[in-house]
Amino acid sequence: MIQTGIVWFKTDLRIADNETLIKAIAQCEKVICVYCFDEAHYADTSYGFKKTGNYKTQFLIEALKDLDKSLRAIGSGLLVVKGKPEVEIPKIFKEYKAYKVFAKREVAYEEKQTEKLVQQQLFQVRCEFETFSTSTLYHAEDLPFSITNIPDLFTNFRKQTEKESTIRKPFEKPKTLVSPQMPLLELPTVKELGLKNVKKDSRAVLVYKGGETEALKRLHHYFSDSKSLSTYKETRNGMIGADYSSKFSAWLAIGCISSRYIYEEIKKYEKKFGTNDSTYWLTFELLWRDFFRFMFKKHQTKFFLYSGIKSEKANSKSLNKKLLTQWINGQTDSDFINANMIELKLTGFMSNRGRQNVASYFCNELNMDWRYGAAYFESQLIDYDVCSNWGNWAYLAGVGNDGRDQRYFNIAKQANDYDKKMEFRELWLK
Ligand code: FAD
């Protein structure tokens, strides 16, 4: 057994079903849990937006508080640092005379680059570094294809995976954790990270609060209390209120809950209340989430190119700043688009139906470089997730995993189909 190990938490802010933490506890006498506020996450992107906005940051701070509480309950605490992970993680390694760093394995380009830099720095000081795949429903090693052969069409991926693979059981919560005395938790505020404080809007679909405890509360509400899971397939295209869809995305994005844990709870729910199309459909949607992760592993940087994963090179469209600002502020010629964009601006959330429409409008009606839209979502969404966001945007821009060349939404028809009584528009435009 090695003496001291470090668990570097990133977007896996939970103690249940966290293989990284479990493996560290099994291999080390003492474990130090660390989170690093990566300064690069609070800079502006090349598209002119903050990489991380205030909704997500507020949610993250709450999640870290909760993680510290859970870790203290089993004997440790969370050490929070700020800077470049490749500088800060080796510093902690030296300070605590550790032997090994354990972390979540990344798939997207920038995250992978940071992971590599940390690994290189640790290698120089002879520190071991091991990563674990902890964010998908299906483990990458259990897929029926090699990463390079994963089908680019979701249906083909889903059918074969469902038929030939199994979902691993989630890991139990650790009961104890031995560590040196950890200092009291010190967290930066949203303002200290260079962002504006979040203002609550009473029209928001949900009062979001970060953390594993809140994620579990939400799951119990959606499953046991309201039994909304049994009607999910019929309600999931809604736009108003808490229960038309699960709202798990924000917690999933920073790993306050794992999709394997949700899957286990779906199975328990089905035993108790019965199986139907809706109970299956939530797993179906979680598979979309997996799919984009595996697509990022396969195509890597391509999802950030104007031509996406398509082989033909297209010239990117120019940017019309006025149109971009009007879209962001909900001042376009479509009231349906405006209502959705205002909801996003004031709450950090937008329904899936809304996201599809505003993205299609951006690409097809405004005819602009889709990456500006994706970058605005990146900074604004409370549930921003690199693979789900850029993967869905590329899909809607016709340069991703869609069999069709162009996915065009007739916005007026969509508004009429999904907001027939104009309730959603009245809620946000009044
Ligand atoms: P539910 O309908 O309850 O679905 C359950 C879970 O399944 C979600 O929490 C999510 O993890 C997953 N899921 C559902 N639909 C998708 C999908 N199309 N792609 C990937 N996963 C899915 N989702 C994010 O989590 N982060 C993003 O940054 C993000 N950006 C998006 C950008 C665009 C342009 C579009 C069209 C979709 C985007 N999505 C993103 C996917 C989807 O809109 C949200 O996951 C969903 O609206 C969140 O609400 P929910 O948790 O209530 O979803």
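Only this structure's heavy atoms are used, side chains among them; waters, hydrogens and symmetry mates stay out. Counting convention: from 1, in listed order, for ligands and their atoms alike.
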Are [X] and [Y] within salt-bridge range, i.e. N to O under 4.0 Å?
{"X": "K317", "Y": "D369", "answer": "no"}
{"X": "D385", "Y": "R293", "answer": "yes"}
{"X": "K310", "Y": "D152", "answer": "no"}
{"X": "E264", "Y": "K267", "answer": "no"}
{"X": "D290", "Y": "R158", "answer": "no"}
{"X": "R168", "Y": "E141", "answer": "yes"}
{"X": "K23", "Y": "E130", "answer": "no"}
{"X": "R203", "Y": "E343", "answer": "no"}
{"X": "K430", "Y": "E426", "answer": "no"}

Give the residue, atom name and distance (to 0.1 Å) of the protein heavy atom nearest [atom].
{"atom": "atom 50 (P) of ligand 1", "answer": "K247 N, 3.5 Å"}
{"atom": "atom 26 (N) of ligand 1", "answer": "D383 O, 2.8 Å"}
{"atom": "atom 20 (C) of ligand 1", "answer": "S388 OG, 3.6 Å"}
{"atom": "atom 6 (C) of ligand 1", "answer": "L286 CD2, 3.9 Å"}
{"atom": "atom 17 (C) of ligand 1", "answer": "N392 ND2, 3.6 Å"}
{"atom": "atom 15 (N) of ligand 1", "answer": "E285 OE1, 3.1 Å"}
{"atom": "atom 29 (C) of ligand 1", "answer": "R355 NH1, 3.3 Å"}
{"atom": "atom 3 (O) of ligand 1", "answer": "S246 OG, 2.6 Å"}

Using a 4.0 Å cut-off to any heavy atom of [X], which atoms of ligand 1 qualify?
{"X": "Y384", "answer": "28 (O)"}
{"X": "L252", "answer": "9 (O), 11 (O)"}
{"X": "F292", "answer": "19 (N), 20 (C)"}
{"X": "Q356", "answer": "36 (C)"}
{"X": "S249", "answer": "9 (O), 25 (O), 45 (O), 48 (C), 49 (O), 51 (O)"}
{"X": "R289", "answer": "11 (O), 20 (C), 21 (N)"}
{"X": "D385", "answer": "26 (N), 27 (C), 28 (O)"}

**Message:** Can you tell me if R236 contacts ligand 1 (heavy atom of the residue under 4.0 Å from the ligand)?
**Reply:** no

**Asked** Counting heavy atoms only, which part of L381 comes closer than 4.0 Å to ligand 1: side chain, backbone, both or neither?
**Response** side chain

**Message:** For F349, which part has a heavy atom under 4.0 Å from ligand 1: side chain, backbone, both, or neither?
**Reply:** side chain

**Prompt:** Backbone or side chain, does any N or O of F248 fall under 3.5 Å from an N or O of ligand 1?
**Reply:** yes

**Prompt:** Taking the six-membered ring for Trp, are Y208 and W251 ring centroids under 6.0 Å apart?
**Reply:** yes

**Prompt:** Which is closest to atom 4 (O) of ligand 1 in terms of heavy atoms, Y232, F154, Y395?
**Reply:** Y232

**Prompt:** Given K112, which of R105, Q300, K297 fulfils the side chain to side chain contact (heavy atoms under 4.5 Å, CB included) condition?
**Reply:** R105

**Prompt:** So, is the end of the K421 side chain (NZ or CZ) under 6.0 Å from the ring centre of F424 and within 45° of the ring's axis?
**Reply:** no

